[in-house]
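This report concerns only the one structure given below.
Because the structure is predicted, anything quoted here is derived from the model rather than measured. Ligands are counted one by one from 1 in listed order, and the atoms in each one are counted from 1 as well.
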Amino acid sequence: MLLRFEMWRRTLQRLVCQRRCTLTRLLAVVFLVVVLVLLIQNYRDSGWTKPEIPTYRGPPPSPYTTCNMLDNKQLANKGPNNHNVPHETKTGRKVLVIVESLYSKSAKNIAVSMELARFVFKIVDDKSLPTLTHMGKGRFGVVIFETINLYLNLQSWDRQLIDKYCYEYKVGMIFFTKPPNENEKTVENIPDFAFTVQYNVGLKKYKLNPNSEIWRITKPGEIVSETFQENEWTVFHTNHSTYEHLASATKVAPFYSDYDPQTADSNTTVFPAVLDKGLNDGIRRVFLGQGTSFWLHTLMLLDSMSYLSYGSISLSLERNIQVDIDDIFVGVTGTRMKAEDADELVAAQSRIREVVDGFHFMLGFSGWYYKHGSPEENAGDEKLIEYKDHFHWFPHMWRHEQPHKFTEQELVQSMSLNYQFAKDHNLPIVDNYAVAPHHSGVFPVHDPVYVAWKSIWDIKVTSTEEYPRLHPGWGRRGFVHRGIMVLPRQTCGLFTHTIFLNSYPGGSERLVKSIKGGELFKTFLFNPINIYMTHLSNYGNDRLALYAFESVIKFVQCWTNLKLSQISPMELAMKYFDMFPEEKTPLWRNPCDYEKHMEIWSANKTCDRLPHFLVVGPQKTGTTALYTFLAMHPSIHSNRNSHDTFEEVQFFNGNNYLNGIDWYMDFFPIPQENESLFEKSATYFDNMLVPERVHALLPRAKIICILISPSKRAYSWYQHMRAHKDPVALNYTFQDLITAPDTAPREVRTLRNRCLNPGEYYEHLDRWLEYFSSKQIHIIDGESLKDDPIEVMDNVQKFIGVQNYLNYSTVLRFDSKKGFFCQMLSTSKNKCLGSSKGRVYPSMDEETEKYLQTYYFKHNTQLVQLLEKLKISIPKWLKQETKFS
Ligand SMILES: Nc1ncnc2c1ncn2[C@@H]1O[C@H](COP(=O)(O)OS(=O)(=O)O)[C@@H](OP(=O)(O)O)[C@H]1O
């Protein structure tokens with residue numbers, strides 16, 4: 001160490017001082033280096049990257065502010081139709097989507113719409129149609145076909161089945177269309193539907209029929225501004241009274257080489273969307289004359305589903321909006337807000353409030369940056385403070401630090417400074433809400449942020465884009481951790497560096513498209529609760545955020561009956577988790593599987609401290625013996641003991657899961673190269689939640705379970721509970737307990753279930769196989785573990801893939817006194833498991849044994865079939881138990 005320091009000193013002296021080195025010169029250099037390091041540190045901590053500072057380019061663009069036909073009061077005021085008509089059908093609220101190929105663009109678009117709407121759906125191709133009914137009830141409330149031709153070309157048997165189902169259960173169908181040949185101007189008569197279709201038509205002036213009852217979210221009355229020259233439209237011609245047109249448009253002149261304007265039927269009114277009211281054959285259908293890429297079809301699809309399902313597959317009309325400006329005072333000089341931008345912010349807020357009830361911009365401030373811009377920008381900062389009561393304020397970090405890089409104490413210090421800033425400037429802070437720069441520390445969770453937020457600000461609500469992941473945007477969800485409700489937030493397509501419309505990435509049309517029916521419009525359409533993230537720079541320069549939000553809100557107002565409003569973050573969070581209570585418990589994921597999460601995960605944490613394999617149980621099958629044998633291996637390490645549950649961590653199954661992954665990882669050492677970590681918790685095997693949770697955190701983990709005769713297992717558990725003086729086990733014979741009816745007292749039913757349920761091996765294994773491949777699962781025959789643990793441990797080592805092979809015949813031997821294999825300590829001494837393992841108790845009586853054989857017969861038979869499928873040899877006990885009939 002000393003030697004290295006001396007080397008550095010000399011190198012520095014040579015570099016800096018050349019011939020003569022004075023103390024002042026050396027100090028000056030050290031000072032410069034320190035300043036440089038601090039600057040770099042500050043830049044890194046602030047977390048923003050420096051955008052290119054553009055030059056001024058003229059006045060900001062004006063937002064979209066008019067609706068084409070809103071002056072027609074009759075159309076504008078009609079309001080949403082109510083589809084909740086009483087009807088006598090018994091169908092589920094699931095959607096069946098039948099597509100030509102699961103990989104086609106339109107199939108994916110339909111699936112994304114279903115995901116966005118959070119509708120339960122099944123998407124299949126025509127070769128794998130599902131059963132349509134279950135126990136006399138229809139499984140699907142609506143059927144969507146990717147194309148009409150897909151339906152027409154179905155096997156006649158399949159088509160009859162679907163028609164019969166739709167007729168009997170009053171289930172409607174929705175069809176998109178795709179011309180059979182591009183650019184071929186064909187007209188086809190479709191007798192099945194009593195209409196003629198004309199393919200490859202160009203359209204303009206597309207508008208909706210305001211008199212149709214189908215519109216609920218959609219507000220008819222606007223005219224689509226685009227002219228569709230692509231000739232990809234299909235229009236429907238019919239005189240049948242069952243049809244009502246949903247949309248009309250004017251045909252545009254086609255591009256064909258033989259086009260003769262004299263004879264062409266352009267400029268005629270055609271119908272590119274029709275509703276079959278079911279007067280013909282009792283089935284209601286909607287036909288949309290194009291694919292899924294036409295933005296308005298998303299709205300029309302939602303309303304069709306609502307109409308055809310009598311309102312049961314439908315979204316609410318309420319939308320809560322919150323627009324956060326996440327980094328007030330933070331920004332590179334030249335990109336920040338000026339005084340006139342602050343004026344405009346207040347003006348725009350009042351305009352937006354006319355449409356969005358209770359609207360206030362939410363200003364997330366980092367006090368340290370106050371007045372750190374040019375003189376004009378500093379005046380902007382002052383103006384924001386002057387207007388403070390017009391807005392709602394919430395804390396960001398004092399210096400825009402990324403919280404995951406700091407300890408709890410450092411975070412408390414930094415937050416206290418921002419707190420003081422708010423006090424000094426008398427900012428109207430909105431209750432209990434904060435946001436972390438770059439979503440850092442929220443997910444993946446950095447507990448110190450949660451603790452510091454609570455202690456300084458009493459934060460109860462935050463929001464992030466990062467749970468479970470940034471992409472896909474429609475998959476973002478919320479969760480609750482340490483009493484703080486984390487809400488999903490949406491991106492509006494504006495980032496710190498997108499500040500001028502004409503240099504918007506991909507061109508200004510991209511942003512315009514997103515507003516006019518595209519991505520931004522769709523986030524309003526689908527999400528009942530929207531928290532948008534914007535930045536200070538989006539309100540200076542071209543004021544792109546004002547442009548985008550005023551425009552999209554107007555667009556929503558023109559085209560939909562959605563009711564927009566803003567409520568407090570606390571109310572918003574309560575509402576969110578009332579709507580989606582299943583989201584409260586988070587699903588912890590492996591931060592190392594996602595680069596973006598690694599960037600916001602503390603450098604002190606490592607995924608190395610997560611187990612490579614799990615022994616999942618079930619209980620009483622020999623899991624402690626296996627655990628003990630594994631722990632003898634020099635290259636295999638388990639977790640440290642838990643205070644409450646001893647060698648088992650029991651993380652994935654109970655309340656421990658809520659402690660988060662830092663808590664879990666803390667149980668494990670950092671392994672050396674070629675070493676394996678494992679955990680044994682015998683309660684994992686039969687818990688409904690565990691396979692999904694394990695898979696989310698440890699997708700590549702190997703899973704080991706041990707199976708013995710389920711009857712023996714049940715009896716062993718009963719004896720275990722008697723040994724623990726459980727009053728039910730002491731007061732009930734085994735026979736009485738396992739045959740107890742559902743009317744028995746709760747504690748009796750609980751023990752009965754704990755005896756019986758884990759032994760329903762097939763169901764539990766099947767659940768593990770939903771998440772893990774059969775190659776990741778190793779099944780040990782518990783009888784072999786008892787009788788020949790040497791061979792069992794050989795196979796386990798192969799399965800885990802340990803480098804350092806241990807011959808277990810050198811460490812285990814049979815102990816005749818214990819009646820089990822035990823660890824060899826010396827030539828004469830063994831170390832066996834304690835008296836609670838390998839208990840002595842009377843054998844099960846014959847009658848009970850027979851009862852249990854019958855009880856488990858079906859489960860065991862299914863288990864045999866599964867093991868055969870997985871090419872796993874059938875244990876002797878299982879062969880015997882399935883012989884019984
Ligand atoms: N080598 C060795 N030593 C002792 N016991 C052994 C061994 N191998 C398997 N077994 C069987 O393990 C049964 C206990 O299973 P578990 O350890 O899974 O029980 S627990 O769920 O952890 O309570 C225990 O069940 P009981 O016999 O009912 O006590 C044993 O049958």
Closest approach of any protein heavy atom to atom 24 (C) of ligand 1, naming residue and atom: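 It is G838 N, 3.6 Å.
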
What is the closest protein heavy atom to atom 8 (N) of ligand 1, and at what distance does it sit?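 That would be A625 CB, 3.6 Å.
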
Taking distance alone, with N or O pairs closer than 3.5 Å, would you say [X] contacts ligand 1?
X	result
T621	yes
K620	yes
E648	no
G622	yes
K837	yes
F821	yes

For K786, state whether at least one heavy atom is located under 4.0 Å from any atom of ligand 1.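 Per 4.0 Å heavy-atom rule, K786 contacts ligand 1.
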
Would you call Y841 a ligand 1 contact, heavy-atom distance under 4.0 Å?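 Yes, that is the case, since the closest heavy atom of the residue is under 4.0 Å from the ligand.
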
Quick one: does NZ or CZ of R118 land under 6.0 Å from the six-membered ring centre of F580, within 45 degrees of the ring axis?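 Yes, R118 sits over the ring of F580.
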
Side chains of E410 and T407: any donor to acceptor distance under 3.5 Å?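 A donor-acceptor contact under 3.5 Å links the two side chains.
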
Mark yes or no for whether [X], through its side chain, and [Y], through its backbone, hold a donor-acceptor pair below 3.5 Å.
X	Y	answer
Q776	P699	yes
R477	P488	no
R813	T827	yes

Are any non-hydrogen side-chain atoms of R93 and F119 less than 4.5 angstrom apart?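 R93 does not reach F119 side chain to side chain.
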
Under 4.0 Å from a heavy atom of Q619: give me the atoms of ligand 1 that qualify, with their elements.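 Near Q619, meaning under 4.0 Å from one of its heavy atoms, ligand 1 has 21 (O).
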
With backbone taken as N, CA, C and O and side chain as the heavy atoms from C-beta onward, which portion of L833 lies under 4.0 Å from ligand 1: side chain, backbone, both, or neither?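 Contact part for L833 vs ligand 1: side chain (C-beta onward).
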
Look at atom NZ of K818 and say whether more than 12 heavy atoms of other residues, nucleotides or ligands are closer to it than 6.0 Å.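 Check passes, neighbour count above 12.
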
As a test of understanding, state which of D447, D666, D662 forms a salt bridge (charged side-chain N to carboxylate O under 4.0 Å, His left out) with K605.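 Of the listed options, the one satisfying the test is D662.
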
